[in-house]
Amino acid sequence: MAKVSNLSWIYKLKMKLSVYAKKLGVTYKTAWNHFNNGLIKNAYKLPNGTIIVNEEISKEEHGVILYARTSSSQNKQMLEDQVKRLEIYAIARGYKIKNIIKEFGSGLNDERKQLVKILTENKYDKIIVEHKDRLTRFGFNWFVIMTQNRIEVINECKEKDEDLVKDLISIIHCFSSRIYGLRRSKNIKNKIKEAIQSEVSWTTYN
């Protein structure tokens with residue numbers, strides 16, 4: 001899908017003449033004279049005598065970013081399916097899609113280049129992900145705070161896939177490396193991997 005260029009939208013802010021005068025830093029009498037002389041655009045008087053000013057305010061609209069992630073490039077089809085679901089969701093809600101980001105990497109990796117770029121540039125209305133885990137395994141609420149609540153999750157349920165197994169193994173490998181040393185930690189990692197995969201297979205078929 002092609003990128004959508006930045007859009008702008010306009011809305012009208014209604015305010016009393018007294019508020020309008022204060023905003024401009026002039027007296028109410030000066031603002032009233034301007035109104036009587038037809039110098040205030042989109043201003044009108046209510047039946048009770050109150051003067052209302054419609055001020056047009058424009059705002060830049062960036063559009064939404066769809067963010068999809070899997071742990072390994074071996075899961076390319078899983079990534080494409082994830083993107084399709086994100087597109088369907090965004091289109092159904094009438095969102096303007098600015099960009100679609102596909103990234104391979106662990107949900108524990110805080111140096112994902114494309115995600116870092118999105119957050120640094122800060123040029124988006126929302127970041128849409130299928131599951132919280134697609135954005136990060138831990139600290140999701142920190143991302144919500146950092147983006148000023150501009151993250152939208154399609155499915156709040158945790159995803160059950162092989163990505164989780166790989167991330168769990170990465171955590172265990174990291175800690176075992178520190179405690180036992182790199183060579184021994186590799187053996188521990190392999191044993192834990194076999195145990196986890198065995199458990200997952202047993203759960204799936206029983």
Side-chain angles (χ1 to χ4, degrees), residues 1-9 11 58-175 177 189 192-193 195-197 199-201 203-204:
M1 182 175 291
K3 296 181 182 179
V4 178
S5 58
N6 290 357
L7 304 172
S8 61
W9 54 276
Y11 69 94
S58 62
K59 180 181 178 181
E60 188 177 25
E61 183 180 88
H62 296 293
V64 300
I65 292 177
L66 309 183
Y67 183 81
R69 179 197 65 79
T70 59
S71 62
S72 171
S73 57
Q74 296 176 354
N75 299 331
K76 188 174 181 180
Q77 187 57 52
M78 184 187 298
L79 187 69
E80 295 300 327
D81 292 342
Q82 192 180 144
V83 169
K84 288 179 183 178
R85 291 189 291 270
L86 288 170
E87 284 184 303
I88 292 171
Y89 178 88
I91 292 171
R93 281 155 181 75
Y95 292 150
K96 301 293 182 181
I97 301 175
K98 176 184 179 180
N99 206 351
I100 299 173
I101 302 298
K102 306 174 187 178
E103 198 155 42
F104 295 110
S106 170
L108 302 170
N109 185 356
D110 59 0
E111 295 182 355
R112 280 171 274 157
K113 292 182 178 179
Q114 295 193 72
L115 180 58
V116 170
K117 185 178 179 181
I118 294 171
L119 298 174
T120 302
E121 291 181 348
N122 196 30
K123 293 182 178 179
Y124 58 88
D125 294 323
K126 288 184 179 182
I127 299 174
I128 301 179
V129 294
E130 186 172 24
H131 298 270
K132 290 180 180 180
D133 294 346
R134 297 303 90 199
L135 190 66
T136 180
R137 288 293 181 189
F138 300 106
F140 178 81
N141 287 337
W142 288 114
F143 280 86
V144 173
I145 294 170
M146 182 171 56
T147 60
Q148 297 180 326
N149 203 30
R150 287 183 292 163
I151 296 175
E152 189 166 329
V153 181
I154 295 179
N155 190 346
E156 292 290 346
C157 297
K158 287 189 175 182
E159 195 170 19
K160 296 180 179 179
D161 58 29
E162 60 190 73
D163 263 9
L164 178 57
V165 174
K166 290 181 179 180
D167 286 340
L168 286 172
I169 293 171
S170 296
I171 295 174
I172 296 168
H173 184 227
C174 178
F175 281 101
S177 295
K189 176 185 174 182
I192 293 173
K193 182 178 179 180
I196 292 177
Q197 290 177 338
E199 180 66 23
V200 170
S201 299
T203 304
T204 303

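Residue indices begin at 1 and follow the sequence shown. Values in this document were obtained by computation on a predicted structure and should not be read as measured data.
- By the side-chain hydrogen bond (donor to acceptor under 3.5 Å, both in side chains) test, K76 is found to be paired with no residue, residues two or more places apart in sequence or in another chain being considered.
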>> Could you go through V64 and Y124, starting from their C-alpha distance and side-chain angles, then the distance that decides it, and tell me whether this counts as side-chain contact (heavy atoms from CB on, under 4.5 Å)?
In response: CA-CA 6 Å; V64 300; Y124 58 88; over 6 Å; no
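- Put simply, the side chain of L66 reaches to within 4.5 Å of the side chain of I97, judged on heavy atoms.
- For the atom pair NZ of K98 and CG of D125, the computed distance is 8.5 Å after rounding to the nearest 0.5 Å.
- The pair E80-K102 counts as a salt bridge, with a side-chain nitrogen and a carboxylate oxygen less than 4.0 angstrom apart.
- Remark: side-chain polar atoms of Q82 are paired, donor with acceptor, to backbone N or O of R69 under 3.5 angstrom.
- Proximity of I101 to L115: side-chain heavy atoms (C-beta onward) are nowhere separated by under 4.5 Å.
- The closest side-chain heavy-atom distance from H62 to E121 is not below 4.5 Å.
- With no hydrogens or angles considered, a side-chain donor-acceptor pair links R150 and N122 at under 3.5 Å.
- Once rounded to the nearest 0.5 Å, the distance linking CD1 of I154 with CD of E130 reads 5.5 Å.
- Annotation for R137 and D133: closest pair NH1-OD2, 3.0 Å, computed over non-hydrogen atoms.
- Counting heavy atoms from C-beta outward, L135 and V153 have side chains that stay 4.5 Å or more apart.
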>> Between N99 and Y67, is the side-chain contact (heavy atoms from CB on, under 4.5 Å) condition met? List the steps.
In response: CA-CA 9 Å; N99 206 351; Y67 183 81; over 6 Å; no
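- Cation-pi check for R93 over Y89 is met; the charged atom lies under 6.0 angstrom from the ring centroid and within 45 degrees of its normal.
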Could you pull out every donor-acceptor pair under 3.5 Å between side chains of residues 141-148 and any protein atom, sequence neighbours left out?
| residue | atom | partner | partner atom | Å |
| --- | --- | --- | --- | --- |
| T147 | OG1 | F143 | O | 2.8 |
| T147 | OG1 | V144 | O | 3.3 |

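- The distance from the CD atom of E103 to the CD atom of Q114 is 4.5 Å, given to the nearest 0.5 Å.
- Closest non-hydrogen pair, A68 versus V83, comes out as CB-CG2, 3.7 Å.
- In this structure, K126 contributes its side chain and Y95 its backbone to no donor-acceptor pair below 3.5 Å.
- The two residues I128 and A90 make their nearest non-hydrogen contact at CD1-CB, 4.5 Å.
- What you find for R134 and V129 is that their closest heavy atoms are CB-CB, 4.5 Å.
- If you take CD on Q77 and OG1 on T70, they are separated by 11.0 Å, rounding to the nearest 0.5 Å.
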